[in-house]
Number of protein chains: 2
Amino acid sequence: MTSIERPASPRHTRQRAEIRQAVEEQEGFATAQEIHDRMRHDGSGVGLATVYRTLQGLAATGEVDAIRTPDGQVAYRTCSPGHHHHLICRSCGRTVEVSIPSLEAQVRALAAEQGFAEVEHALEFYGTCTECARA
Amino acid sequence: MTSIERPASPRHTRQRAEIRQAVEEQEGFATAQEIHDRMRHDGSGVGLATVYRTLQGLAATGEVDAIRTPDGQVAYRTCSPGHHHHLICRSCGRTVEVSIPSLEAQVRALAAEQGFAEVEHALEFYGTCTECARA
DNA sequence: TTGAAGATGAGAATGATTCCCATGAAGATT
DNA sequence: AATCTTCATGGGAATCATTCTCATCTTCAA
Ligand SMILES: [Mn+2]
Ligand SMILES: [Mn+2]
Ligand SMILES: [Zn+2]
Ligand SMILES: [Zn+2]
């Protein structure tokens, strides 16, 4: 039998480095297009498709977090390691990482109770931060 | 000053009735396109745009629940009233409604703690149900 | 240095959702 | 019931984020 293809470790390229840096510099979440725009504005010539591909890759390995915004777009951000969720300001994008240990426990309990396996969950909070509240 | 436009109560039309019924009959969540397909298959001549518009309206009034699937599409379902979340089977679509009182409390606490206002959250669980597990 | 496996970029293609607008119905008013 | 105003409908075009294609570079192991 042939062995199952294992994803080779990604190659180190200038583009990948630039993209990684762009995501690290930014505050809050940004979409592939927004990141690409900023890179372009800063003189980079990286292609949009490459930004999409690379961000997906980084998200797959957990190097960056990906969420789906309420309007359906995917947004990325460099986050602290480990499982956590986000409290995001709808108007300015300010993001606070939050972890809810008791929730994680209940999720496992509920899943087991219902006989569900391999349960994943995505939880994001959207609100208005103090700053934006007075405006 | 002019009064702010208030959304007039929607008119009762054959299409709206058909769509409402289609959503009620279905099990689990379905996208506008899936619902439209099924209606078409059952002899209805309702237009796709109308299905999209109507489902959005029903979701806005809370008459149906709308969620965004992991792959980005919007799916609808008739649910029991009140705030709750869903445990959804990735392969067969079977859906279980769950409510997590302690989570709701912590959300309010976290929001207040961080000074965020008008915080909303969406939480859905995706897993494999017992049935689909043995297959 | 070479070559094979990958990565890139430009533009085309996709696909869900929204828009547009001419036409058809709902419902309030005579 | 006839009329009128307003909203709803539908079908096809338009959007727009994301993915795909593929010819052309790069990386990196040998
Ligand atoms: Mn985070
Ligand atoms: Mn429900
Ligand atoms: Zn803010
Ligand atoms: Zn199942």
Side-chain angles (χ1 to χ4, degrees), chain A residues 2-23 29-61 63-77 93, chain B residues 2-23 29-61 63-64 66-77:
Chain A
T2 61
S3 65
I4 296 179
E5 292 299 323
R6 128 179 10 175
S9 66
R11 289 181 177 171
H12 177 266
T13 66
R14 171 178 55 77
Q15 291 87 338
R16 175 169 291 259
E18 285 182 15
I19 294 169
R20 214 198 301 259
Q21 186 188 352
V23 186
F29 285 88
T31 65
Q33 308 224 38
E34 290 169 341
I35 291 170
H36 179 251
D37 283 347
R38 186 150 36 74
M39 292 178 73
R40 266 306 182 28
H41 179 273
D42 294 347
S44 170
V46 179
L48 178 58
T50 298
V51 174
Y52 269 102
R53 278 185 300 236
T54 302
L55 289 173
Q56 282 173 179
L58 292 174
T61 66
E63 203 168 323
V64 304
D65 272 15
I67 64 172
R68 195 169 284 279
T69 66
D71 65 308
Q73 295 173 234
V74 178
Y76 300 88
R77 187 194 165 199
Chain B
T2 61
S3 65
I4 297 178
E5 292 299 323
R6 120 180 18 174
S9 65
R11 288 180 178 172
H12 177 264
T13 67
R14 172 178 55 77
Q15 290 87 338
R16 176 170 289 260
E18 285 182 16
I19 294 170
R20 213 198 300 259
Q21 186 189 352
V23 186
F29 285 89
T31 66
Q33 307 225 37
E34 290 169 340
I35 292 170
H36 179 251
D37 284 346
R38 187 150 35 74
M39 293 178 72
R40 266 308 181 29
H41 180 273
D42 294 348
S44 170
V46 180
L48 179 58
T50 299
V51 174
Y52 269 101
R53 277 185 301 236
T54 302
L55 288 174
Q56 282 174 179
L58 293 174
T61 66
E63 204 168 322
V64 306
I67 65 172
R68 194 169 285 279
T69 67
D71 65 308
Q73 294 175 233
V74 178
Y76 300 89
R77 187 195 165 197

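Atom set for the values below is all heavy atoms of this structure, side chains included, hydrogens, waters and symmetry mates excluded.
- Thr69(B) is not listed as a side-chain neighbour of Phe29(B), based on a closest heavy-atom distance of 4.5 Å or more.
- At least one side-chain heavy atom of Arg38(A) sits under 4.5 Å from a side-chain heavy atom of Ile35(A).
- Atom-to-atom, CG of Asp37(B) to P of dA16(C) comes out at 10 Å; the value is rounded to the nearest Å.
- OP1 or OP2 of dG11(D) has at least one side-chain nitrogen or oxygen of Arg40(B) nearer than 4.0 Å.
- Arg16(A) places a side-chain heavy atom less than 4.5 Å from the side chain of Leu58(A).
- Donor-acceptor pairing under 3.5 Å is lacking for the side chains of Asp42(A) and Ser44(A).
- His12(B) has its NE2 atom 17 Å from the C1' atom of dA28(C), to the nearest Å.
- Between the CD atom of Glu18(A) and the P atom of dT26(D) there is a distance of 13 Å, given to the nearest Å.
- Spacing between atom CG of Leu48(B) and atom P of dT9(D) amounts to 13 Å, rounded to whole angstrom units.
- Here the closest non-hydrogen pair linking Met39(B) and Val46(B) is CE-CG2, 3.9 Å.
- Across the protein-nucleic acid pair, His36(B) atom NE2 and dT17(C) atom C1' stand 14 Å apart, rounded to whole Å.
- Between Leu55(A) and Val64(A), the closest heavy-atom pair is O-CG2, 4.2 Å.
- Rounded to whole Å, the distance from CZ on Arg16(B) to P on dC7(D) is 13 Å.
- Here dT14(C) presents its P atom at 18 Å from CG of Asp71(B), a figure rounded to the nearest Å.
- Regarding contacts with the backbone of dA8(D), every side-chain N or O of Gln15(B) stays at 4.0 angstrom or more from both OP1 and OP2.
- Closest to the side chain of Ala49(B), from the set dC28(D), dA17(D), dG11(D), is dG11(D).
- One finds a side-chain N or O of Thr50(B) lying less than 4.0 angstrom from the OP1 or OP2 phosphate oxygen of dG10(D).
- A close approach under 4.0 Å does not occur between any side-chain nitrogen or oxygen of Gln33(B) and OP1 or OP2 of dG15(C).
- Look at CZ on Arg11(A): it is 4 Å from C1' on dG6(C), rounded to the nearest Å.
- Listed in residue order, the members of residues 52-61 of chain A having a heavy atom less than 4.0 Å from DNA chain D are Tyr52(A), Arg53(A), Gln56(A).
- Val51(A) approaches Ala32(A) most closely through the heavy-atom pair CG1-O, 3.6 Å.
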